[in-house]
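In what follows, a single structure is set out as structure tokens and then discussed.
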Amino acid sequence: VLSAQEALSPQQAETRLRGCLQSGSAGAPRTGLRAAVVAVRALCKPQIDRVADDRVASATTGLTGDAAEQAKQCAVRQLNDEIALAIANFTGLKTL
């Protein structure tokens, strides 16, 4: 089994995250999308952190100060939205 700490390209990290979200969604609670998102995010935290680091690094390249902080927040927010949407699609749950 490969660890989340090894050298992965951003594309490999994204693929690994998607796989974790898909497999985690299979065992996620079906009581509601919020519960499923919380459970799957906890399971996939190392993969989420890796992808977030890659996206923040890419989004903030060449930026400093407030611009870098805004780019970071936007990248993280977009990733969070994508994760929730993926979990919704994988579980069939629709409402938070």
| field | Donor-acceptor pair, side chain of Q12 and main chain of S9, under 3.5 angstrom | value | yes
| query | When rounded to the nearest 0.5 angstrom, what is the spacing between CD1 in I48 and CG in D53? | reply |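 Rounded to the nearest 0.5 Å, the CD1-CG separation comes to 12.0 Å.
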| S25 and its side chain to side chain contact (heavy atoms under 4.5 Å, CB included) partner, picked from L93, V37, I87 | I87
| field | Pair E82 + R55: basic N to acidic O under 4.0 Å | value |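 Looking at R55 together with E82, the answer is yes, because their closest N to O distance falls below 4.0 Å.
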| task | Could you tell me whether R50 and E14 have a side-chain N and a carboxylate O separated by less than 4.0 Å? | result | no
Looking at [X] and [Y], what are the two nearest heavy atoms and their distance?
{"X": "V56", "Y": "T60", "result": "O-OG1, 2.7 Å"}
{"X": "A86", "Y": "R18", "result": "CB-NH1, 4.3 Å"}
{"X": "A71", "Y": "A59", "result": "CB-O, 3.5 Å"}
{"X": "D54", "Y": "A13", "result": "OD2-CB, 3.8 Å"}
{"X": "P29", "Y": "A39", "result": "CD-CB, 3.6 Å"}
{"X": "L43", "Y": "Q47", "result": "O-OE1, 4.2 Å"}

| message | Let's go through L8 and R16 carefully: what are the C-alpha distance in whole Å and the side-chain angles of both, what is the deciding distance for side chain to side chain contact (heavy atoms under 4.5 Å, CB included) to 0.1 Å, and is it a yes or a no? | response | CA-CA 10 Å; L8 295 174; R16 189 167 287 177; 3.6 Å; yes
| message | Contact between L17 and L79 at the side-chain level, heavy atoms closer than 4.5 Å - yes or no? | response | yes
| said: Quick check: do I83 and R41 have side-chain heavy atoms less than 4.5 Å from each other? | reply: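 Yes; the side chains approach each other to less than 4.5 Å.
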| field | Over 12 non-hydrogen atoms of neighbours within 6.0 angstrom of CG in D81 | value | yes
